[in-house]
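Data block below; observations after.
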Protein chains: 2
Amino acid sequence: MNDFDPSTVAALKALANPNRLKIIDWLAHPRENFPPQVDGDLVEDGVCLANIVDKLGLAQPTVTNHMHTLAEAGLVTSKPVKNWVFYKLDPAAMEKVLKSLSAHAGIDD
Amino acid sequence: MNDFDPSTVAALKALANPNRLKIIDWLAHPRENFPPQVDGDLVEDGVCLANIVDKLGLAQPTVTNHMHTLAEAGLVTSKPVKNWVFYKLDPAAMEKVLKSLSAHAGIDD
DNA sequence: TAACTATATAGAAGTTTTGCTATATGAATG
DNA sequence: CATTCATATAGCAAAACTTCTATATAGTTA
């Protein structure tokens, strides 16, 4: 019904990976999933890459890579503070993907 | 918030491909996208593989493969009639994926 | 039952994904 | 200003994905 939006596929690709989906889940509930941070608030500023690396248990460059995938798909935003990078989920982007997917599946909102 | 459901990842993987997403879209609106069928109703019985092959413009085994991917992810059902196979979208499965994804993203329904 | 038709399977090539290690960059601190 | 700490980049290997051609299977029809 809808015209085809390539960014929807990019977002779905980004989400279609167990590690990245875990990250999305964690970023949706930062206080429940990460320890308090010294240099940036978990909710206000986002979650520091190092915290995600620790929690996920993969090598740091691998996690950097996953975060870039999520960021390029527009699902998370990143903010450099000092020499950290804080990542936040973009709920509007997630809603957009959900709406697009609903439309493709012919499900009325 | 939710516990991790591997079938959600399988479904997202199945959806994270432009050709399969097109197929999902077409199956959601069969009358708008396919010619009437002689041996099975587009809506009641589903869409014949050959019709999807024609519309997608890929080789038949490639499309068979895509349909198996979608079926294994539970997103479509298949029904053999004579020597055709009819495919139908499973809207309940799609809703389940959408709900699961919403939960992961922390979006309240 | 022979031929045809629709789908499935096998196997292979090219591409993409996912992870790693090693190293570079760049900001912060002693 | 040298070191340390957090992140980025480069390059590589293994695995998975996407597509193809060739062929098999199984139901249909003449």
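A note on names: the letters A, B, ... follow the listed sequences, proteins ahead of strands, and every chain is numbered from 1. Below, each value reflects all heavy atoms present in this structure, side chains not excepted, and no hydrogens, waters or symmetry copies.
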Can you tell me how far [atom2] of [N] sits from [atom1] of [X], to the nearest Å?
X       : N      : atom1 : atom2 : result
B/Gln60 : D/dA26 : CD    : C1'   : 13 Å
A/Ile23 : C/dG19 : CD1   : P     : 9 Å
A/Lys79 : D/dA6  : NZ    : C1'   : 17 Å
B/Met67 : C/dT9  : CE    : C1'   : 18 Å
A/Leu56 : C/dT18 : CG    : P     : 12 Å
A/Lys13 : C/dT18 : NZ    : C1'   : 14 Å
B/Asp54 : C/dT5  : CG    : P     : 14 Å
B/Leu70 : D/dT18 : CG    : C1'   : 14 Å

Assert: residue with more 5' nearest nucleotide on DNA chain C, out of A/Trp84 and A/Asn19, is A/Asn19
Return the 5'-most residue of the pair A/Asn83, A/Leu58 with respect to DNA chain C, ranking by each residue's nearest nucleotide. A/Leu58
Counting only side-chain N and O atoms of [X], is one of them less than 4.0 Å from OP1 or OP2 of [N]?
X       : N      : value
A/Arg20 : C/dT17 : no
A/His66 : C/dG19 : yes
A/Thr64 : D/dA8  : yes
A/Thr62 : C/dC20 : yes
A/His68 : D/dA8  : yes

Using a heavy-atom cut-off of 4.0 Å across all strands, would you classify [X] as base, sugar-phosphate, or nothing?
X       : result
B/Asn17 : sugar-phosphate
B/Ala50 : sugar-phosphate
A/Pro80 : nothing

In terms of heavy-atom contacts, does NZ of A/Lys55 have more than 12 from other residues, nucleotides or ligands at under 6.0 Å? yes
Which comes earlier along DNA chain D counting from the 5' end, the contact point of B/Pro61 or that of B/Thr69, where each point is its nearest nucleotide? B/Thr69
In the structure I gave you, are the side-chain heavy atoms of B/Gln37 and B/Phe86 within less than 4.5 Å of one another anywhere? yes
Nearest to side-chain heavy atoms of A/Val85, which nucleotide of D/dA8, C/dT7, D/dC20: D/dA8
Please step through side-chain contact (heavy atoms from CB on, under 4.5 Å) for the pair A/Met67 and A/Leu27, ending with a clear verdict. CA-CA 11 Å; A/Met67 296 317 296; A/Leu27 291 185; 4.2 Å; yes
Distance-minimising heavy-atom pair for B/Leu75 and B/Leu89: O-CD1, 3.5 Å
What one should report as the nearest heavy-atom pair of A/Glu44 and A/Lys88 is O-NZ, 2.8 Å
